[in-house]
Number of protein chains: 2
Amino acid sequence: MAATNAPTVENTTPRRGRGRPRNSESYRAILEAAAELLATGGFETLTIDAVAAKVRCSKATIYRRWTSKLRLAIDALAELPDPPLPDRGSVRADLRELLGGMIEIFNDTPAVAVMQSLIGERARNPELASLLDEAFQKRRDGLCEVLQRAIGRGELPAHTDVELTMDLLVGPLLTRLFCTGAPITADLIDALVESALVGCGAASS
Amino acid sequence: MAATNAPTVENTTPRRGRGRPRNSESYRAILEAAAELLATGGFETLTIDAVAAKVRCSKATIYRRWTSKLRLAIDALAELPDPPLPDRGSVRADLRELLGGMIEIFNDTPAVAVMQSLIGERARNPELASLLDEAFQKRRDGLCEVLQRAIGRGELPAHTDVELTMDLLVGPLLTRLFCTGAPITADLIDALVESALVGCGAASS
DNA sequence: CCCGAAATACGGTACTCACCGTACCTGAAA
DNA sequence: TTTCAGGTACGGTGAGTACCGTATTTCGGG
């Protein structure tokens, strides 16, 4: 809670207490190993044993820092790259670029598999839902920013439901990635952007 | 392939071969037990051992009919109810009712948890993706029907992209259910329907 | 038409395997 | 000497397999 970034669980040196201090490098090393395992083989290869072997530590060392594999996976998810935040001056262009960047990440990284797996665990572990909500929300920050700027510029009406608009943009993508397997093309992105803009009453330029 | 319904795997009596025929009741009994386990405790309580105990058969009897737990789960998913197909004469009313029915099922059955779990397994088992695509597609048949009828009545333009429209309607719902945990209200459904109708250029009535 | 052989399903049990998570012991830092 | 990190070994669960003895069917030969 006191460290620079506060992850799922207390960070490396909780309160500098009495006994032997934790190895200060282990936290990052474990997290990076977990992210790397995710990146190479998806969620299925992310096992605590594999992380421990990679870091050359024991499982206990991991479980002292993360209470469960899922917590570790959530933090590792945050290590995956985010699409760059565009700023082209128009919502339409920004949204196209941002969604395009998302698709690139979906193609180039195991982000989809990771998200799918985490969703699957969400069903089994409701106590985890809020953590996941937060993690997913964070991955939409860029999108939120683009929309807010558009409202600030007057491109979108002030009463725009940002949450709904984001869902209209991202929801169909996730549906195709997770459920139907339908292809995601540039044309689809264009159509989504148009539909969303029209839906919230943007001035058609 | 020759039976009335052809599930994931060959049905009860494949070709009436040499040996002892399979118990014709086991197939349904296993499937119903699996569906019931899903309905009571979600995906996590669906274990092959539990199904076997419920049906009073051996695991081998199950594995003789389904090659894996996942195949069984997919077929059990199809046992969950579908929302009733509305026919009120207008797309707007039909869509509202249909989506409302979906939400009811999401609230009253473990459908969400089941879908989440299956999505999670999709990441781990790409060979399964096409089967899942099919199963999810089937659960959108009603929606497709409503849209097609609207096109037939001229309420929607003939060039409407039905697939895209379905994604625009369902995608945001799934996003909230699976990722953000945001609430799903009647207002949201109304907004989705309006957005989708405007998006595909329906005559605003 | 009858009988044996081959083929296949059945229940049951025990097993392997993988993996999560924990108990316990050892040793280092304060 | 106390406190806590690290390592090892273990328990537990659940998927999927192997195998046994038995039951039930088809087929081929008498």
Side-chain angles (χ1 to χ4, degrees), chain A residues 8-30 33-34 37-38 41-74 76 117-118 120-121 123-125 127-128, chain B residues 8-27 29-30 33-34 37-38 41-74 76 117-118 120-121 124-125 127-128:
Chain A
T8 310
V9 128
E10 66 264 49
N11 209 333
T12 312
T13 49
R15 52 188 174 79
R16 197 56 173 173
R18 288 276 297 279
R20 171 178 175 177
R22 290 185 184 171
N23 185 333
S24 59
E25 300 167 15
S26 293
Y27 182 87
R28 283 300 310 170
I30 293 169
L37 283 169
L38 279 178
F43 193 79
E44 106 183 274
T45 53
L46 174 60
T47 67
I48 298 292
D49 292 276
V51 174
K54 216 173 172 63
V55 182
R56 291 180 192 281
C57 71
S58 73
K59 294 202 293 177
T61 300
I62 299 175
Y63 277 106
R64 207 164 279 118
R65 291 166 172 79
W66 285 271
T67 57
S68 75
K69 170 184 168 176
L70 261 294
R71 307 286 183 120
L72 173 57
I74 288 180
S117 303
L118 291 177
E121 294 303 325
R124 158 174 358 202
N125 200 339
E127 171 257 338
L128 208 81
Chain B
T8 310
V9 129
E10 65 265 45
N11 207 331
T12 312
T13 48
R15 50 186 176 77
R16 198 55 173 170
R18 286 281 295 277
R20 171 178 176 176
R22 292 184 183 171
N23 185 333
S24 59
E25 300 166 16
S26 293
Y27 182 87
I30 292 168
L37 283 170
L38 279 178
F43 193 79
E44 105 185 274
T45 54
L46 175 60
T47 65
I48 298 293
D49 292 273
V51 173
K54 215 173 172 63
V55 181
R56 291 178 191 282
C57 71
S58 71
K59 292 204 291 179
T61 300
I62 298 174
Y63 278 105
R64 212 167 274 122
R65 293 168 170 77
W66 286 272
T67 56
S68 75
K69 171 185 167 175
L70 261 295
R71 307 287 184 119
L72 173 57
I74 288 181
S117 303
L118 292 178
E121 293 302 326
R124 160 176 352 206
N125 199 339
E127 171 256 338
L128 208 81

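A note on names: the letters A, B, ... follow the listed sequences, proteins ahead of strands, and every chain is numbered from 1.
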* Minimum heavy-atom distance between A/Ala34 and A/Val51, given as atom pair plus value -> CA-CG2, 4.2 Å
Is there any protein nitrogen or oxygen under 3.5 Å from a nitrogen or oxygen in nucleotides 18-24 of chain D, and what are the pairs?
from, atom 1, to, atom 2, distance (Å)
D/dT24, O2, B/Arg20, N, 3.4

* Minimum heavy-atom distance A/Lys59-A/Asp49, with the two atoms named -> CD-OD1, 3.4 Å
* Grab the NZ-P distance between A/Lys69 and C/dC19 for me, whole Å please. => 8 Å
* Could you give the CH2-to-P distance, from A/Trp66 to C/dT22, as a whole number of Å? -> 16 Å
* When you measure from the side chain of B/Asp49, which nucleotide among D/dA15, D/dG16, D/dG6 comes out closest? -> D/dA15
* Structure fact -> Tightest non-hydrogen contact, residues A/Tyr27 and A/Arg65, listed as N-NE, 4.0 Å
* Structure fact -> By nearest-nucleotide position on DNA chain D, the 5'-leaning member of A/Thr61 and B/Ile48 is A/Thr61
* Rounded to whole angstroms, how far apart are CD on B/Glu121 and C1' on D/dG14? -> 12 Å
* To do: Measure the distance from CG on A/Leu72 to P on C/dC20 and round it to the nearest whole Å.
  => 10 Å
* Structure fact -> So CG of A/Leu72 and OH of A/Tyr63: to nearest 0.5 Å the spacing works out to 9.0 Å
* Structure fact -> Residues B/Ile30 and B/Val55: closest non-hydrogen pair is CA-CG2, 3.8 Å
* To do: Take atom NZ of A/Lys59 and atom C1' of C/dA23, then tell me their distance rounded to the nearest Å.
  => 12 Å
* Minimum heavy-atom separation for A/Leu37 to A/Ala50, with atom names? -> CD1-CB, 3.8 Å
* **Atom-to-atom span, OH of A/Tyr63 to P of C/dC19 - whole angstrom** => 12 Å
* Asked: Do you know which two heavy atoms are closest between B/Cys57 and B/Ile62, and how far apart they sit?
  -> SG-CG1, 4.0 Å
* **Whole-Å gap separating P (C/dC10) and CD1 (B/Ile30)** => 8 Å
* Asked: What does B/Ile62 touch in the nucleic acid at a heavy-atom separation under 4.0 angstrom: a base, only the sugar-phosphate, or nothing?
  -> nothing
* Asked: What integer distance in Å separates A/Leu37:CG from C/dC19:P?
  -> 11 Å
